[in-house]
Asker: 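One structure, pasted below without further comment.
Ligands are counted one by one from 1 in listed order, and the atoms in each one are counted from 1 as well. This chain uses plain numbering: 1 for the first residue, then up along the sequence. Predicted model only: the values in this text are computed from it and were never measured.
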Amino acid sequence: MNDIVFELQDVKYSYQKKYPALCGIDMTIRQGEKIAIIGANGTGKSTLLHMLDGLVFPDQGRITAFGQELSEAALADEAAAWKFRSRVGFVFQSADIQLFCPSVREDIVFGPLQLGVAANEVARRLAEVARVLDVGHLLDRVPQQLSIGEKRRVAIASVLAIDPEVYIFDEPTAGLDPLTVRHIIDLVVQANRRGKTIITAIHDLHIVGELADTVYVFGKDKKLARSGPVEQVLSDRAFLEAQNLVHIHGHIHEGREHVHPHLAFERHA
Ligand SMILES: Nc1ncnc2c1ncn2[C@@H]1O[C@H](COP(=O)(O)OP(=O)(O)O)[C@@H](O)[C@H]1O
Ligand SMILES: [Mg+2]
């Protein structure tokens, strides 16, 4: 059985043909994998995720999704686009882009209704995702008026309601409180246990090990700097330092000055 979900071969992409964002990326993502994309700011993580979601297309090289070329022309076919949209769900970095309906309820049912899911099944999914993401009390609220954590939960609920095979998350935990972060991690892990493929761009190296088995590190040159099992890649401090993902930081500890590597974005004690 061919279980390849996405395959990228020497993919290049530049914005407006002049600002490079992806420079010769090769990747194979298989069904049921849980992978993380890490890299400093501006290394192309979001661009890659947008490409996996059929929002931008390679200038050079090739990407396939479920064995078929993922191109603008392929998605111009309504049936093919419909099929692709029902299989791949994207949680954007900014929930404000994702939520556009007058109420939370309408945002959550929008995807499945668009995809032609029967009304009773849509109602069942709404009730379920509202419970799982604890947004039942927000259903009649205006999404734009919610807190960032509430918006993020609604955005995730709206993608869960589609019940896609592949979940793509762009920095799903950024700016959230620890309890909400924990909740999102649990959800991701559970979805993966149900066989879903999970692709997450993430800044917080502390939780990469929970969100992924395999990690892809994007470098400043917009190339893939390394990929491999999470423990293996994250244990190479010198490499992470070179990628701007950790920094050396001196501080006083038990009366003596120590120098410790810190993960990027780690709060200093
Ligand atoms: N809309 C855009 N127009 C021009 N350049 C862009 C645009 N979006 C991103 N870029 C550039 O593409 C590169 C990769 O950006 P991005 O994929 O957002 O990185 P990351 O998500 O890793 O922070 C950066 O150099 C960025 O400046
Ligand atoms: Mg980004």
Side-chain angles (χ1 to χ4, degrees), residues 6-27 29 34-63 65 70-72 75 88-100 148-149 151-152 155-156 158-159 166-176 180-181 184-185 188 197-208 211-212 214-228 230 233-234 239-247 263-266:
F6 290 110
E7 184 148 46
L8 284 80
Q9 291 164 343
D10 197 24
V11 164
K12 298 190 176 73
Y13 180 77
S14 300
Y15 287 94
Q16 291 111 52
K17 307 277 179 219
K18 58 180 175 188
Y19 304 115
L22 298 172
C23 296
I25 304 297
D26 292 301
M27 278 176 100
I29 301 175
K34 196 159 98 223
I35 72 159
I37 313 289
I38 65 173
N41 280 322
T43 52
K45 303 182 297 296
S46 293
T47 305
L48 175 84
L49 298 188
H50 291 168
M51 191 171 280
L52 299 180
D53 195 43
L55 301 173
V56 298
F57 303 94
D59 296 328
Q60 285 177 55
R62 186 163 185 266
I63 176 170
L70 182 56
S71 63
E72 211 159 2
L75 287 184
V88 179
F90 194 131
V91 179
F92 285 84
Q93 187 161 355
S94 161
D96 290 316
I97 298 177
Q98 189 133 14
L99 306 174
F100 51 84
I148 167 174
K151 280 182 189 171
R152 190 72 54 83
I156 295 173
S158 71
V159 173
V166 180
Y167 284 83
I168 301 175
F169 293 100
D170 198 352
E171 313 259 4
T173 58
L176 300 185
T180 309
V181 169
I184 290 175
I185 293 172
V188 167
T197 306
I198 312 280
I199 303 162
T200 311
I202 189 89
H203 251 144
D204 186 350
L205 298 189
H206 292 100
I207 58 175
V208 170
L211 289 173
T214 306
V215 63
Y216 291 80
V217 185
F218 281 60
K220 274 281 174 212
D221 56 2
K222 277 85 168 169
K223 292 180 180 162
L224 203 48
R226 188 181 284 187
S227 65
V230 172
V233 174
L234 293 194
F239 168 73
L240 295 178
E241 233 176 87
Q243 297 301 321
N244 262 346
L245 288 167
V246 293
H247 62 275
L263 299 176
F265 311 101
E266 188 170 56

Asker: Ignoring hydrogens, tell whether any protein atom lies closer than 4.0 Å to atom 26 (C) of ligand 1; use the non-hydrogen atoms only.
Answerer: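 Given the 4.0 Å limit, the answer for atom 26 (C) of ligand 1 is no, no protein heavy atom qualifies.
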Asker: Do Lys12 side-chain atoms and Ala21 backbone N/O form a donor-acceptor pair below 3.5 Å?
Answerer: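 No, Lys12 side chain to Ala21 backbone: no donor-acceptor pair under 3.5 Å.
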Asker: Which atoms from ligand 1 have a heavy atom of Tyr19 less than 4.0 Å away?
Answerer: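 Selected atoms, number and element: 4 (C), 5 (N).
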Asker: If I compare all heavy atoms of Ile202 with all of Ile38, which pair ends up nearest, and what's the gap?
Answerer: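 That closest heavy-atom pairing would be O-CG2, 3.5 Å.
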Asker: State the CZ-CD distance between Arg62 and Gln9, to the nearest 0.5 angstrom.
Answerer: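 If I round to the nearest 0.5 Å, the distance is 6.0 Å.
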Asker: For ligand 1, is there an atom lying under 4.0 Å from some heavy atom of Lys222?
Answerer: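 Yes, that is the case, since the closest heavy atom of the residue is under 4.0 Å from the ligand.
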Asker: Is the Phe169 ring parallel, tilted or perpendicular to the Tyr167 ring (thresholds 30°, 60°)?
Answerer: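 If you compare the ring of Phe169 with that of Tyr167, the planes turn out parallel.
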Asker: Only heavy atoms count here, so choose which of Phe218, Tyr13, Tyr15 is nearest to atom 8 (N) of ligand 1.
Answerer: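 It is Tyr15 whose heavy atom sits nearest to atom 8 (N) of ligand 1.
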Asker: Which atom names give the shortest non-hydrogen contact between Met51 and Leu22, and what distance separates them?
Answerer: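 That closest heavy-atom pairing would be CE-CD1, 3.9 Å.
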Asker: I'd like to check which ligand 1 atoms, numbered from 1 as shown, lie under 4.0 Å from a non-hydrogen atom of Asn41.
Answerer: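 In order of numbering, the contacting atoms are 23 (O).
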Asker: Give the numbers and elements of all ligand 1 atoms closer than 4.0 Å to a heavy atom of Thr43.
Answerer: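 Going through ligand 1 atom by atom, the ones under 4.0 Å from Thr43 are 19 (O), 20 (P), 22 (O).
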Asker: Of the protein's non-hydrogen atoms, which lies at the shortest distance from atom 3 (N) of ligand 1, and what is that distance?
Answerer: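 For atom 3 (N) of ligand 1, the nearest protein heavy atom comes out as Gln16 NE2, 3.4 Å.
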Asker: If I only include protein atoms of type N, O or S, how many are less than 2.8 Å from the Mg ion (ligand 2)?
Answerer: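 Under the 2.8 Å cut-off, the count stands at 1.
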Asker: List the closest protein heavy-atom neighbour of atom 23 (O) of ligand 1: residue, atom name, distance to the nearest 0.1 Å.
Answerer: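 Result for atom 23 (O) of ligand 1: Gly42 N, 2.8 Å.
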Asker: Have a look at Lys34 and tell me which of Thr197, Val230, Ile198 forms a side chain to side chain contact (heavy atoms under 4.5 Å, CB included) with it.
Answerer: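 Among the candidates, only Ile198 passes.
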Asker: Taking the six-membered ring where the residue is Trp, are the ring centres of Tyr216 and Phe218 under 6.0 Å apart?
Answerer: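 No; Phe218 has its ring centre 6.0 Å or more from that of Tyr216.
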Asker: Does NZ in Lys220 sit with more than 12 non-hydrogen atoms of other residues, nucleotides or ligands closer than 6.0 Å?
Answerer: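 Check passes, neighbour count above 12.
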Asker: Taking only heavy atoms of Thr47 into account, list the atoms of ligand 1 that are under 4.0 Å away from them.
Answerer: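 Counting from 1, the qualifying ligand atoms are 14 (C), 15 (O), 16 (P), 17 (O).
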Asker: Taking only residues two or more places apart in sequence or in another chain, which ones pass ring pair (Phe, Tyr, Trp, His ring centres under 6.0 Å) with Phe100?
Answerer: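 For Phe100 the ring pair (Phe, Tyr, Trp, His ring centres under 6.0 Å) partners, ignoring immediate neighbours, are Phe110.
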Asker: Who's the nearest protein heavy-atom neighbour of atom 18 (O) of ligand 1, and how far?
Answerer: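 The answer is Ser46 CB, 3.8 Å.
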Asker: Determine, stepwise, if the pair Asp96 / Lys151 fulfils salt bridge (Lys or Arg N to Asp or Glu O under 4.0 Å).
Answerer: CA-CA 8 Å; Asp96 290 316; Lys151 280 182 189 171; 2.9 Å; yes
Asker: Yes or no: does Gly44 have any heavy atom under 4.0 Å from an atom of ligand 1?
Answerer: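 Contact check Gly44 vs ligand 1: positive.
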Asker: Work out which heavy atom in Asp170 is nearest to a heavy atom in Ala201; give both atom names and the distance.
Answerer: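 For Asp170 versus Ala201, the nearest heavy atoms are OD1-CB, 3.6 Å.
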Asker: Which residue holds the protein heavy atom closest to atom 22 (O) of ligand 1, what is that atom called, and what is the gap in Å?
Answerer: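 Nearest protein contact, heavy atoms only, for atom 22 (O) of ligand 1 is Lys45 NZ, 2.8 Å.
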Asker: Indicate the atoms forming the closest heavy-atom contact of Ser14 with Asp59, along with that distance.
Answerer: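 Answer, listing the atom of Ser14 first, then Asp59: N-OD2, 2.8 Å.
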